Structure formats: C-alpha cells, structure tokens
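For reference, the structure discussed in these notes is given below.
All values derive from a computational prediction rather than experimental measurement. Numbers restart at 1 for each chain; the letters A, B, ... are given by sequence-line order, proteins then strands.
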Amino acid sequence: MTTWDRWVARLPAPGLLNFLAGLFAGTGINLLTSSAVGDGGGLSALTVLDSIAWVLGAALVTVAATMLQNAEAEAALLDSPMFEEPERREIRMHQRRPIARRAVLLILGGLLSVILAVVLLPFLA
Amino acid sequence: MSVTADAAGELLTAAREALGSYYLGVTGTDDQVVRLPEGAAADLARVLADRAGTVRQIVPCSGWQDADLFLLMAWRQRAARGARVHRLYLVPYGNPDMTPVLRERDLDRDSRIDAHLLHLEVIPRAPVPMTHTWLIDEDVVVFEEHGDTGPAGWVVSRRPEDVRAALDRWQQLWTNRHALAHRPPHLAEPLLESADMLHSLARVACTGHYVDPVSCAWYHGIWQYLRLFDMVSSPNWHIGFYSEVLREQLRGRAEPRVLITGAADYGMLACVLNAAGPGVAPDVHVLDVCLTPLLANRWYARRRGTEITTHNVDFVRAGEQFVEEQEPFDLIVSDAFLTRFPSDDAATVVENWRRLLRPGGQVVTTVRIYEEAGAAAGATLVTEYGMRLYERAKNSFWLLRIDFTELLSAAHHYAKRMRSSDQLGGADQVLDFLRRHGFEVVRSETASVAGELAGCDYLRIVCRVAAERSD
Amino acid sequence: MWERAARAGPGATGSPAWLRAAGEDIRAAQAEALGGTEPLLTVQCGLAGGTSALEVRVTVPGRPPVLLVLAAADLRAAVFRGTDPLALVAHAFVARDRPLPPADQLGLAPHAPPRIPAAPDAAGADLAARITAALAAKLDVVVVGDEGSGKAVSAARAARLFAAEGGAAVWIDLRSGAKSPPTVVWELLRLPRHDRVLVVVSRRALVAGFQDTRTIISRLRHAFDLDLRLLTTDTPSAVAAMPALYGFYEQVPVRQPVAMPGQDAAVMYWFACLGLFGIQPLVAVADRRYHPEQLHRLQQRELIHLTAVDGKVYYRLGAGVTPTALVAGQAGLPGRAPPGELIWAYLKMAGADAGRAPLEQLDLVGFPGRDGHARVEGSRNLTFSWELLYRLGEQLDRYCATNPDWDDNVGAAVFAAEALAELGHAEQWRRVAEFVRGRLSYDVPGELPRATGGPTLEEGDFERIQANMIAEDLFLGGRWPASLLGTGVDKARFHSTWMLGVLLGFEGSALERSDGRLDALLATAEHHCAPDGHFYPRRVPWVTARVVLGLCGAGLTYATHDVVRRACDWLVRPVREGGAYAEWWKGGTGSWNRDEATTAMCVVALLRAGAPAGEEVGKAVVWLRSRVGEWTRPGREIDLALALEAILLGAHDWRSSYGRLLNLLSWANEEFRGGLRDLGLPEGTLRAPFAAAQLAALVRVAVSREAAALVEPAPAAAERRPARLEPRLPATAGMRLRPSVTHWREVTRQIEEQLEGQVQRRRAVLRRAAPGGMPVVQAAYDQYTAQLALCRELREKLRERTPIEVIERLVELGDTVCGTGWNGGLSYDDEAGPR
C-alpha cells in the first residue's frame, strides 16, 4: 500500500464530515444573525466575511462528504458476503481512489476556510 | 435398522447354517476319518481316554501351553485307572529346557505310564513330525495336522495307511528310545527360544557388516533358524575340536581372559562356557561389528548366570584402537572368521589378534580352505539349499513363530548373498599366512563337512604367538 | 472488416454508436467466415452498461453465455490495424480480464496439417485406426513414438478420418507459441456447428505452450459443454517424464514396423522372444525351425551372430537389436505367438541341459533389460522348476512305458497324457492316448462317453463320491431336492459328464488330433448343457468347471462359444438365483473336492475362458488365499496344485506361488520315484498324474507370465493406476463410488455452483475496474476460476469405477470450497474395504 493509499484509507467518514459541516455552517449563520440583531452596532464587513468563511468551509466539507458517501455506496453495491476482508477493503479503496484527490482538496479547503474564520474572530469585536 | 422377531430368528438360523457349513469344511465326509479343530483336543482326549485300552503317545516338547498339559494329565488319569499308556517325549534340537519335560515324565512314572525322553538329532535319520500322535489299540491313530499357516487341526483316522505309518514311526522311536535318551545335544543352546527373538531384533539392531555394508538383517535374522536345521556353518560342525581344545585352555586357570571375535550368535560363547566347566569363571569378551549378535551373547550369558563384556567394534578398521585399550587376553576364539575378509583385511585381523594376546596366548579358530579357486554359487545349488531346508523344516516349522514361506524365502536370500573369500587358499597357505604374521601353529587338522551349499573342507587350528616372527 | 466502424468516423470512436457498429462488424465477420451456416459458437455484441466498452457474448444453445469485454481502445487499435474481429474476440476469451497483447500481435492465421501420403503403409493405417478408436473412447489422446516415427502424419490421418465421420478437426502447430491458445478459439469461432470437434496439437516441444492450449480447451469444454477432443503427439521419454500432464491421456504407441521382409520379421520375432529370457538358441534347434538361407540372410545383416560356448554353437542377437522393443512392435500381428509360448516350445525342444543354462543365468542375475527389483522379481527358481519338471517328465515316461493304462484308470491316464503333451513326449503320449481312445467310446455326437469292455477303475471313485455326498446331506440337512441328494444322484451320468470335460481337455491338447472325436465331444457338450448353463449334477460345480476347462483346452472361449458362455454365466450366478456362486464355490461332495479345490477350479475355468467375472474371481482368489492353511496340509496335493494355478493366473502377486510350486514339484518327483500308492485318500489314484499335468501347465504359465511382464512397459514409465488399488481385478480397476456415481455427481455439481457464484461476483467487480486495478480480487477470481475448471473436469471423470486420484482431488477441492463434512453419506471402496 502506498503512502497516498494510506491517507485515502484514513479519510474521515462522511458522517463525521457532515457533522463538522453542520457545525461550521451553524457557526457562520449564527454569527451573521446574531450580529444583525444584536447590540453591537450592526453587521460589519468583517463579520460578513467571517461568516462567509465559516459557511464556505462547511460547504466544502459537505461536498467532500457527499463524494465519499457516493463512493461508499458504489462499493457497497459491489461488495458481497462471499468476499474476504482484504477484497472488501480493496473494493472500497478502488471506489475512493478516483475521488480521493478532490475530496482531500475539498476537506483541506474547508479547513483552511474555517481556520481563516477563526483567525478573523478577534477582529470582529 | 430394526428387525422383527421373525427376522432375528431367521438370522440366527442362517448363522447356524454357516456354523454347520464351517464344521463340514473342517471335518469332511470321509467315513474313515474325523477332523476336529484345534480347540477340540480336550474334548477328544476326554472321550477317547474312556474308551482306549492301549495308547502309544508321541509328545513333542516345545512351547507347551496349558492345553498341552491338560492332554498329558487326561491320559495320566486314564493310566491310573488301568489303561496301558506308553509315552515318548520328543525333545527337538534347540530346546534344552528340560525341567518341565522331566517333571511330566516323573509324574507319568508315578501314574504307571511307561514314559521316555528322546533327544532328536539336529537332522533326524528318519523324519519325525513334531506333532502329537496317539495310537489307540492299533485301530485308530489321532494326530495333529498342520498347514503352512494357521492353527493345527486334529485328525482321528482309521485308515490302514495312516495307522500303519504311525505304528512304523512309533516302532522306530521306541526301539531306539534308550539310545536317543542318552544323546542330548552336546551344547544346550535354547535356539528354539532365541531364534524368533533374534529374527525380530535383527530388523532393529542390525546395521552394517562385512557381509553387507548396508544391513546384515538378512544374515543375523535368519541365522539361528538355519542353525536349527543345520544349514549353516557354526561351531557345532567342529564341536569335538572346540570342546577338547577349549577345555584344555580354560581349565586350570582361575579367571582366564577370553576374547571371541566375530560371532553371528552365542554359539561360540556356549562352547566357551561349556568347556570352562564348574569352578572356572572366564572373563569373556565378545566383539562384533553388529549389535545383534552382541545382544544375543549378552542374553545367553545372563541365562547362564554369568556376565560378559561386549564390544561393538569394526575389528579391521578400528582394531588397532581396540588393541590399545585392552589388557592382553589369554585366549582368542573365532569360528570361520578369516574367510569373511579379503586377504589384506584378514592380515589386519591376524595382526590384531597377535597384539591382543599375552605372550604365550593362543588363538583357536577354524578356516574354510580352498585348494582351488571358489566358484560362484550356481542357481541349482541355491535352490537345492532351499529344498533341503524345506525337507528338514517341514516336520517342525510350526514350533517357530516365523511364517514358513518367509523362512524359505529368507533362506534363499541368504544362500544367494552369503560369500566366503577364497583368497587365503588351501591348508598350507593358511598355515603359512599365520606364521608370516607371528604365530606358531600348535595344532592343525583338516575336516570335511557337509557345508552350506556344497561339501567343503575346514582347517581347525590352534596357534600361539611366536617368540620371533618367521617373515 | 470493420467497415461499419470505419464508416462511423474517427471522431465517433468510443461513442455508443461506434461501439454498436464495431459489434456488428464482429458479427458480420463470423457470418462471412461461416458462409451462411450455423455457427458452433454464436457471437452477440452489445454495449457494456455505463462504460465505454463493447460486451461480447459467446454462446451455445442451452448454456449461459461467456461474457467478454472489449475496451474501446482495443477496438480502436484493431480497426486501425485491420485485425480480424474474431481474432480480437479470441484473444479476449483467452486473456479474459487481463490486458490484451499489443495490437500488432493480435493477428491469427490457420495452421496447416502435414501432408498425408496418398497411399498409407500398413503400419501407418494401423496407427491411424488405433488413434481413431482411442478418440472414440477418450477425450485426450497422445500418440507416443520416437522422432520421425510418423506420429504427426498418422495424427493428421486420424483427424481426416474424424472429419469424414461427421466431426470437425482443427490443427494447431505449437511453433506459433503464445498464439496457439487464441488460435484454438479463433478456429472454433469460425467453425460451423458440429457435434464433435477434434483439436490436433502437434510439435509439443514447448510444455508451456501446450499447457496453455490444454487449459483453453478445458475452458471451452466446460463453458460450452462441447464434445471437444484433444489429440497430441510426443516421445516416450517425454510422456514418461510428465505423468502429471499425461496422467489421464489415452496413450497410443507407435509400433515401429520391422523394416525387413515379412518372413525375416517373423524369424527375428522368434529370436527376440527367446532374447527376453536371455536365451541364445542352439543352432541345431534354430536350423530345424527355419530355413538356413533365412538365417544366413539375418547374419549378413548382423541381426544375429554365431557364438560358441563349451563346444556348442548358439545364435545371439546383434548389438542393435532390443528384444523388448522388437517383441512389442510385432506382438499381436498375425502369425506371432505369445512370447511365453515360443520360449516354452524352445525349452522343450532344447532339452534339460540346454534349457537349464539360460534359466540358471536368469535365476541369479535376473531378466536382461530390467532394473532394480523388477530384474530379479520373477526369475527366482525358474531353473529348478524346469529341472524338476524335466525329471518329472522322465519319471512319467518311465511309468507310462510299463503301465500306459494306469491300471485301467482312464482319469489318471488322461491327466498323464496331458502332462506328456505339455512336455512334448510324443511317443509315450501315443501309448497312453491309444489306451484312452480304445477304452472309451466318445465319437458319437450327443452321447456321453462310455466305457467299452466294462467299467473303468475311476468309476469306482464315484461310489465313494456318492458316499461323501450322503454324509454331507446328513450333516447339513435337506438342502437339495431329492434328485440331487446323495441318494438320488445318477452316478453313471455324473461320471460320464465329468469324463466329458476330462476328454475335451485331452483331445484339445492332443499331440495327434482326432477331429472327429473332438467334434463329437463338442456336440455332446452342447447337447448336455442345461439351459441355465450347468452340467449334471447342478449340485457339483466342479463338473461344470471341468467341462469349461475342457472346452477352453479345445480353444473355445466365453466370447466365441455359447456353451462356454452359458456355463461361465451359471458359475458366477448367485446360488439364490439358481447359480453356483456364494462368495466362493462349494464342492457339494464333502471331502471329495473340497471347497478350496472347487473354488480354484472354477476360478481357473473362468479365467481361461475369459469370462467377465472380475469381481467374483477376485473375491474368490482372496478367499482361497486365506485358506492356505487348509490346502497346504499333507495329502491335499490336488488342492495345492489347483490353488497354485488359480493364484498364478488370478492373483496380483502371482509370483508368491513360486515357492510352493517348487515344493509340489519335489513332492511329485518323490511320489513317482517311490512308487505310486493309493493311500485311501480322496482321489488318491489321481493325485500324482493330476499334479504332473498341473505342474507342467503351471511352469509353462509361469514362463508365459514372466515373458508377458517383460514386454509390458516398465512400471515407472507407464504407471497410471495408483498403487493403492489392491488386489488388482482382472476387469477394470478403480474405486467404486458409494452410494452411487449419481450421488457423487450431484454433490460435485453443488460445489460447482458455489464456485460459479464466487467467480461471477468477482467478475462483476473486475469488469468495473481498470485492468490490474484490483489485484486481490483478481487473484481470488483466478483461483476460483481454476477451481471451477478443476471441479468440472473431475465431475466428468466420475464413473462407476473412478481412479483414486480423481476422488482424492475432488475430496480435497470439496473440503477447500465447502469445508469438511460436505461429503457426508459419500464413500468409495475397493475390495479392501470402504474408505
């Protein structure tokens, strides 16, 4: 197994990604809505930007999760109780490999976006 | 599978039919003869004993079981009630355990049975089947019948030919009973006991030998069986010579050191111990390249209540080292050993002998001599050997545990493979050879023997370490 | 080719429309190759869903299709290069889901068979006929012969015969290397429908190429259930070196004709037969047999040479002449007697001393041309047997000179005459024959033999036989109807029927034939054979056996004579069905011819007649051997002689009888030397002459069997039956499947279905992966595919009697696929007992 394959095998489960995406999206939208209705003097450009960063992160992670979920579904179609565990692993890997690069990029992009959003937080006050 | 009561009954009826069929096969339908299976002997003795007036019995003495003892007792009781019972105990060659036989004979005499013990020669002049035989009132003969394998059956026959043959055999033995009684074998060797043992042992213990570098099991395993039927060269062929010479050498010394080199079994040891006599406790060492004969010697020695030392040594290749490790011997005895080797190895053997002896020590040995070059054994000789064994063994092979066909086959194998070296040449050449290697000849004589495949001559030698070598 | 795909244009490559067009091109290529006839394998094309590939289905009616996937790239390359579409399909079939070879290596071409000479020589025609016969019986056949022996031509001739009989033949030359397997498929795709197809593979120089071709053929058989036969050629050393490859092939050896004039070939055959035993024939004997000119010609050609030893002159074979090969090459040709017969005839002609010398050599050294244990296994004791037999012959001569009528015992006289005939002692035979033919009248067809001038001595024996039967009845109770009880038996008829058998043997072996008498006896036998096959009395099988032996002595067999056939069938029919067989044969006459003697006689009769009674005979021989303690008892020499003959003819280790043969010879010599006496034993007066006749026959049979064993291939090279099949039955060998072969096939089919499932699931997965993209799944797929092929192959080999190798492989496969316990309720056995 190559190093890349090892990383691909360790990609987070779609469910986890979806959960994180939900968190990020929630944070972003909350930030927007609470700034809009709060006593802080209304929406600043930085707040909007920060919110966008959160939501963007969530979106990217969601897309990655969807891609991985599709791959799992495909693998499940091909899988069979007749197969041995190494074969099953190979089938799953085979379905993941084509979308792995994009998924990794999306997850990384999402994380970056979230990091940016976090970095901007102190400047919002 | 369940069966109804009727079906079970049918099966039992069928089983009885099978039993009837079997018994018909055993007994036959000859109106002159009744055949019974082995286990019926006791019933036979019971019913016949009541009806017999005069009984002449031939009783083979080997490996008695309780069933055999019962038969003896049954007739003994009949004799005590008035029947006239004459009994001849046949002691085959190779069965020196006389204790039970003597006991039975004494009991017979107490019951007024006219009983005698006969020692059969190794090759009886007239063939005597080693089977129980009862000649009843000269009307009927009862005898054991053996096939090649399996248990013996009993035959009760009124056929004139069978009765006549039994009577002739009886007359012949009875007439010679006194002579045969006083003719026990010179050497009491329990060959019938040890032959089967060595046959099994050889398969495990035999490794290589001068006759076969791979395994000598074909030789040692069959050896004692062939001795039982006098088919191989053994000290018995020279028993008078060995007895006389060994007695001379051994008596008068407290603990003579004796070395036996090369021994197919304990035959030579038996000669030595016999000759030593009471009061002499020789320190006997036996040397051979194969474990089997050494174990046989040890077994025999313990039976005789003595101990020996065995040496598992190749006397040719490791003889020198053996010489260095040993104290000198008074006497070296070896039967037909030198012709196992080509002449250069025989020279090594003789040199080792000389070095092992103390000054004045002696070698007693026999050597097969070839006045002209030895010929390879022709197929006819080999097969005649097998036929001879068949004739000798067919009357007693059931005393042995080995299968009869296997015995004949192993003998054939032995006859084809056993070789004797003719390189030492004739009598003069052998004596010269010994002298060249530092011996002086004390006594020598040639003797003709029947031989294994064909008649041959042996030189019987006593020689002593010379003061100076003659080369 | 590829017109439609080309018409679609380069831009459309890979598009569904283009793929469809390519598919149509493939179908069109097949239609063109077939010229409108129905194909053997139908090709259908369609789009492989979801991928840019063409799915090709190769089908036969009633079988699931084989699915192949042709990637667009491969199709494109084929179109570009103008590769035959069917070749592409063939490569795809061979490669399965592996990448196809490079495009430039996809081209295939038909292979041409060798030119067949217009007029075949006799040997070539014979070989082609034998190949054809082998192909009719077996799927895989190999023609075995040295280089240049004409194997390929004969194979081509056989292929032509195959095609002439309605089959189709495909020729594959392995010189094309890796293309051979796809060529097979390609040829089949272009073949019209036939019931049988033969693939001839020649120049099997490359094992790898052959193995791949063999694998493809196997796949084709299993995938399409085709009757696809394989014929190949190879050298004897190659066949011997690869038992794993040729294990189940039918081997057809090329018999090298002896390149010499017909008569010279016959003479060399005689020399070669003697040469099997290392016998160098005396010049005096050879000159009596053949014209000196012939012998001189052979000397000039250095096929034989003169040699002098101890003042006698012999012929010896030339340096280049191998007796075994020469005999094997001519065996079975018209006018060629079996080697044993010629050797025996020579020994008799040469006399005691001249016969002894070569046998003595054999005894000590063993058979020339054999190695190891096989060299000496059979040669033991031949010299002494010959010598004792010769002496016995002299004793018999002396006895017959003074007592040719054997004290008016016709039975004894007849047996003595048979012994004299066997040994070739014509003068004494004539004396005894004169007595027999004068004392009995048996020249009226349909009438049983009868004595002229009062009853003969052995007729009195039948009073005693009757007494034995009565005693047996008393013992066993009422087992027979009244007419067959001892009290009811017709002694005269009993004796006459027995004498019929005895006389048949006498006249059949007569040194001076009396055809009128023999024909009359044959007619009598036909007349007196009961409808169910027995001879009177039904209770006594040894009478029927004696008649069968007599008929066989007259040259008749189960296959050629109705009476022999009916009598043999009766002998092997179970008692409860009115026959005589009840695991062995019971005498029916108490102590006179006990069960052992009766069984031995019946066994010998069945074997000599060539009756299909392998199982019954095998079991009876085993029983007979278990009774050795009985028939070796003193006074039972007739039983011993009969049992030895049964073992010599019927047991797998027939040489085990040699030791006792010698003992019996020795006994017989002693009997004659000591003067024959009637000891009151059953058949007492017959013992010695009967034993003499048996012994002469036994030694001759031993010589024949040894000679035949020498001509058989040496065990290491030709052993295909596993050593565990003991005892070897005279009929077909193998394990008997229990409860039945049908059960075994059903269970094997279940294994097959499981494997098919495994294979199909993985194929579906691999179809969606790029080649090499899923090595683990691929490996599992290959493994299951191989197991599936093996399972199918083994299922086809299941028969009533199946080789143990097949069974063991199947059990191992079943354990692997289904786990242990899959074969509950199944078993197999041979005579040794169940497994």
[atom1]/[X]: more than 12 non-hydrogen atoms of other groups inside 6.0 Å:
| X | atom1 | answer |
| --- | --- | --- |
| A:R10 | CZ | no |
| A:W4 | CH2 | yes |
| C:R63 | CZ | yes |
| C:E753 | CD | yes |

Practice task
Identify the two heavy atoms, one from C:V765 and one from A:L78, that lie closest to each other, and give their separation to 0.1 Å.
Solution key: CG2-O, 3.6 Å
Exercise for the section: Determine the minimum heavy-atom distance between A:S80 and C:R761, stating which atoms define it. Expected result: CB-NE, 3.7 Å
Problem - A:R89 portion near chain C, given a 4.5 angstrom heavy-atom threshold - result: neither
Practice task
Could you tell me which of C:A769, C:P775, C:A764 has the largest number of non-hydrogen atom pairs under 4.5 Å with chain A?
Solution key: C:P775
Handout entry: Residue among A:E90, A:R88, A:E84 with most heavy-atom pairs under 4.5 Å to chain C
Key = A:E90
Practice task
Go through the steps to decide whether A:E87 and C:R762 satisfy the test side chain to side chain contact (heavy atoms under 4.5 Å, CB included), and finish with yes or no.
Solution key: CA-CA 10 Å; A:E87 291 175 293; C:R762 283 166 180 78; 2.7 Å; yes
